[in-house]
Amino acid sequence: MAASNPSVFLLTVNGHIEGANFPEYDNLYCKYCFVYGHDWAPTTGLEEGITQIASKSSQASHRLIWNFPLATTFKSTNPSGWPQLVVSVYGPDVFGNDVVRGYGATHIPFTPGQHTKTIPMFVPEPTWRLQKFTGWLTGRRPEYTDPKVVAQGEGREVTRVHSQGFVSVSFLIMTKDMKKMDYDTGPSGPANKPSATSG
């Protein structure tokens with residue numbers, strides 16, 4: 001009986017943090033973590049990680065390539081708090097200190113299959129001229145104490161930010177038992193027919 005009436009569904013996230021495009025910077029690495037709601041729990045895989053340092057190639061694209069693998073499975077009882085991937089990119093400044101070059105976040109795709117996402121990146125900006133001058137003098141930029149704040153809405157409206165760069169991520173998404181729990185994540189077949197749930 002338990003197999004026909006599951007109490008949780010599973011979301012498996014595989015893929016790669018492919019690379020980034022930061023025209024002004026080189027020798028960058030990326031940290032990632034997942035942010036999710038209270039009803040979600042990871043069952044296998046890693047919740048956070050850090051890539052190797054990548055340098056721009058001499059080819060015309062000048063992209064940074066990481067191809068860093070993602071592999072995590074979550075379980076949940078409802079889709080509220082659907083997981084997000086938060087990425088933070090760091091690299092050296094003129095003094096050799098590691099400074100943040102960008103923050104970004106994206107929801108894990110809702111539908112099973114292959115997906116590619118381009119995440120726009122941003123950095124916090126100083127709010128006062130004195131902070132801007134001190135940051136320029138010392139080489140230190142404003143940064144978040146916890147990057148997970150990027151995936152939350154609270155307090156974000158008071159943060160001044162500057163856009164710079166993009167990170168590309170490829171996902172292979174699999175779900176289990178979502179339809180058995182009456183959650184429909186998309187078309188049921190190639191004909192794009194709406195799927196019916198039996199009650």
Side chain to side chain contact (heavy atoms under 4.5 Å, CB included), that's the test. Do Gln164 and Val123 meet it? Break it down for me. CA-CA 7 Å; Gln164 63 183 28; Val123 289; 3.6 Å; yes
For Ile65 and Arg63, what are the C-alpha separation, side-chain angles and deciding distance, and is it a side chain to side chain contact (heavy atoms under 4.5 Å, CB included)? CA-CA 6 Å; Ile65 306 296; Arg63 283 178 43 86; 4.1 Å; yes
Could you check Phe34 against Trp40 for side chain to side chain contact (heavy atoms under 4.5 Å, CB included), going step by step and ending with a plain yes or no? CA-CA 11 Å; Phe34 290 100; Trp40 291 79; over 6 Å; no
Run the side chain to side chain contact (heavy atoms under 4.5 Å, CB included) test on Val169 and Leu70 for me, step by step, so that the C-alpha distance in whole Å, both residues' side-chain angles and the decisive distance to 0.1 Å come before the verdict. CA-CA 9 Å; Val169 183; Leu70 299 172; 4.0 Å; yes
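Here the NE2 atom belonging to His38 is positioned 12.0 Å from the OG atom belonging to Ser76, to the nearest 0.5 angstrom. Taken from OG1 in Thr51 to NE2 in His16, the straight-line distance is 12.5 Å, to the nearest 0.5 Å. Annotation: the span from Ile17 atom CD1 to Lys31 atom NZ amounts to 13.0 Å, rounded to 0.5 Å. From Leu10, atom CG reaches atom OG1 of Thr175 across 9.0 Å, with rounding to the nearest 0.5 Å. Interatomic distance, NZ of Lys75 versus CG of Asp177, reported as 13.0 Å (0.5 Å rounding). If you take CG on Asn78 and CE on Met178, they are separated by 9.5 Å, rounding to the nearest 0.5 Å.
The same ILVMFWY cluster, assembled from side-chain heavy atoms under 4.5 Å apart, contains both Leu46 and Val167. Taking hydrophobic clusters as Ile, Leu, Val, Met, Phe, Trp and Tyr residues chained together by side-chain heavy-atom distances below 4.5 Å, Phe110 does not share a cluster with Leu172. A continuous path of hydrophobic side-chain contacts links Tyr90 to Ile50 [ILVMFWY only; heavy atoms under 4.5 Å].
Between Phe22 and Phe166, a ring centre-to-centre spacing not shorter than 6.0 Å is recorded.
Counting all heavy atoms, side chain and backbone alike, Gly19 lies closest to Trp66 at CA-CE3, 3.7 Å. Nearest heavy-atom pair across Phe95 and Asp93 is N-OD1, 2.9 Å. Nearest heavy atoms, Asp26 versus Lys56: OD1-N, 2.8 Å. When all heavy atoms of Leu28 and Gly91 are compared, the closest pair comes out as CD2-CA, 3.5 Å. Between Met181 and Thr77, the closest heavy-atom pair is CE-O, 3.5 Å. Closest of all the heavy-atom pairs between Thr12 and Asn14 is CG2-ND2, 3.7 Å.
You'll find the side chain of Cys30 stays beyond 4.5 Å of the side chain of Phe68, heavy atoms only. Val100 is not listed as a side-chain neighbour of Val89, based on a closest heavy-atom distance of 4.5 Å or more.
Enclosure of atom CD1 in Ile173 by more than 12 non-hydrogen atoms of other residues, nucleotides or ligands within 6.0 angstrom is indicated.
Asp98 and Tyr29 share a donor-acceptor pair across their side chains, judged by distance under 3.5 Å alone. With hydrogens and angles left out, the side-chain atoms of Glu47 and Tyr32 include no donor and acceptor closer than 3.5 Å. Residues Ser170 and Thr116 have side chains that never bring a donor and an acceptor to within less than 3.5 angstrom of each other.
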Name the atoms and distances for all side-chain donor-acceptor pairs under 3.5 Å in residues 80-87, with sequence neighbours left out.
residue	atom	partner	partner atom	Å
Trp82	NE1	Ile108	O	2.9
Gln84	NE2	Ala151	O	3.1

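Contacts of Lys148 classified as side chain to side chain contact (heavy atoms under 4.5 Å, CB included), with partners at least two apart in sequence or in another chain: Cys33, Val35, Asp146. Remark: Asn27 engages Ser55 in a side chain to side chain donor-acceptor pair (under 3.5 Å) (not counting sequence neighbours).
Both the sub-6.0 Å distance and the 45° axial angle are not jointly satisfied by Lys117 relative to the ring of Phe171.
Looking only at distances, a side-chain donor or acceptor of Arg101 sits under 3.5 Å from a matching main-chain atom of Pro92.
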